Amino acid sequence: MTTRKILIEPDPILRKKSSPLQKVDDQTRKLMKDMLETMYKAPGIGLAATQIGILKRIIVIDISKNEEKKTPLFLVNPEIIFRSKNTSVYEEGCLSLPGQFAEIERPAECHLKYINFDGKTKELKADGLLSTCIQHEVDHLNGILFIDYLSKLKKNMIIKKLLKQKKSSQRIVV
Ligand code: NI
């Protein structure tokens, strides 16, 4: 397994729409394992292929806080087929927006159709943190970041901060 570099906003790739996969093969499985390792190392609870610069509809998630017993979810071509009317609010962060957090309101429950690690079509009913996490990651596949739900003022402030961080991280002292 190899860890990959996570793209940081602003980056035009994060704004692109990803394409569905035709099938889940060994190459896909290797990519999913790399994504999982990258996510655990970050650390984060969800990662979309978009965030490592691969425009394919693949997500990995693990919301378990148990270090011993990891419970990864591999979601290929995820499709949200139901969103509840009732909503919930979580303070969201994102590996592509380091150090930035905001309260985001989303449908509290969602149902998902997807292809799993073995290439089988599955359905999943999610609520709570998992529901929010799924919606956040599916947004990535459509080029959407959580800051897009904020006011223009707040969004621009966050992008400005990230741009500043990016510039200072490129500085070298020799
Ligand atoms: Ni994210």
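The shown structure was predicted, so the numbers you read here are calculated from the model rather than taken from an experiment.
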With a 4.5 Å limit on heavy-atom distance, are the side chains of E9 and C94 in contact?
no
Within the supplied structure, the quantity of interest is the number of heavy atoms (other residues, nucleotides, ligands) at a distance under 6.0 Å from K113 NZ; does it exceed 12?
no
On a heavy-atom basis, the closest approach of S84 and A108 is OG-N, 3.2 Å
Is any side-chain heavy atom of L145 closer than 4.5 Å to one of D139?
no
Joint hydrophobic cluster, V138 plus I52, side-chain heavy atoms closer than 4.5 Å:
no
Shortest non-hydrogen pair, V60 vs M39, comes out as O-SD, 3.7 Å
Distance col, row I61:CD1 vs I45:CD1, nearest 0.5 angstrom, shows 8.0 Å
Mind listing the closest non-hydrogen atom pair of M35 and A49 along with its distance?
CE-N, 3.3 Å
Quick one: closest heavy-atom pair of L150 and A102, and the distance?
CD2-CB, 3.8 Å
For the residue pair L124 and L73, establish whether any side-chain heavy-atom pair is separated by less than 4.5 Å.
yes
By the rule that ILVMFWY residues connect when side-chain heavy atoms come within less than 4.5 angstrom, directly or transitively, which residues belong alongside L14?
L7, I13, L55
L31 side, atom CG; I54 side, atom CD1 - distance, nearest 0.5 Å:
4.5 Å
Please go through I81's hydrophobic cluster and name the other residues, only I, L, V, M, F, W, Y counting, with side-chain heavy atoms under 4.5 Å joining them.
none
Backbone N or O of Q27 within a donor-acceptor pair of the D25 side chain at under 3.5 Å?
yes
Which residue pairs pass the ring pair (Phe, Tyr, Trp, His ring centres under 6.0 Å) test with at least one member in residues 77-105, sequence neighbours excluded?
F82-H111
Determine whether P78 and I134 make a side-chain contact, defined as any pair of heavy atoms from C-beta on separated by less than 4.5 Å.
no
Given side chains that start at C-beta, do those of K41 and R4 come closer than 4.5 Å, heavy atoms only?
no
Please name the residue in the list I147, I159, I8 that meets the side-chain contact (heavy atoms from CB on, under 4.5 Å) test with L97.
I147
Atom pair CG (N77) and CD1 (I59), whose distance is rounded to the nearest 0.5 Å:
10.0 Å
Below 4.0 angstrom, N of the basic side chain to O of the carboxylate: do D34 and K30 qualify?
yes
If I take atom NZ from residue K155 and atom CG from residue L153, how far apart are they, to the nearest 0.5 angstrom?
12.5 Å
Does NZ in K166 sit with more than 12 non-hydrogen atoms of other residues, nucleotides or ligands closer than 6.0 Å?
yes
Is there a path of hydrophobic side-chain contacts, each under 4.5 Å between heavy atoms of I, L, V, M, F, W or Y residues, that connects L141 with Y149?
no
Heavy-atom pair of closest approach, residues L95 and G46
CD1-O, 4.0 Å
The reported gap from SG in C133 to CD1 in I63 (rounded to nearest 0.5 angstrom) is 7.0 Å
Going by heavy atoms in the side chains, are T50 and K16 under 4.5 Å from each other?
no
Only pairs at least two apart or in different chains count here, so list each salt bridge (Lys or Arg N to Asp or Glu O under 4.0 Å) that has a residue in residues 77-93.
E92-R106
Could you give me the CA-CA distance, side-chain angles and deciding distance for Q51 and E137, then say whether side chain to side chain contact (heavy atoms under 4.5 Å, CB included) is met?
CA-CA 10 Å; Q51 292 177 275; E137 300 309 331; 3.6 Å; yes
How far does CD1 of I104 sit from CZ of F146, to the nearest 0.5 angstrom?
6.0 Å
Check whether more than 12 heavy atoms from other residues, nucleotides or ligands sit under 6.0 Å from atom NZ of K122, and answer yes or no.
no
Is a donor on one side and an acceptor on the other found under 3.5 Å between the side chain of Q135 and the backbone of S131?
yes
Can you see which heavy atom on T71 is nearest to which on D62, and at what distance?
N-OD2, 3.0 Å
Any sub-3.5 Å donor-acceptor pair from T132's side-chain atoms to L129's backbone N or O?
no
For the residue pair R15 and D148, establish whether any side-chain heavy-atom pair is separated by less than 4.5 Å.
yes
I172: which other cluster members, linking ILVMFWY side chains closer than 4.5 Å, directly or transitively?
V174
Within the 4.5 Å heavy-atom criterion, are V76 and M32 side-chain neighbours or not?
yes
Among residues at least two apart in sequence or on other chains, which ones pass ring-ring contact (aromatic ring centres under 6.0 Å, His included) with F74?
F117
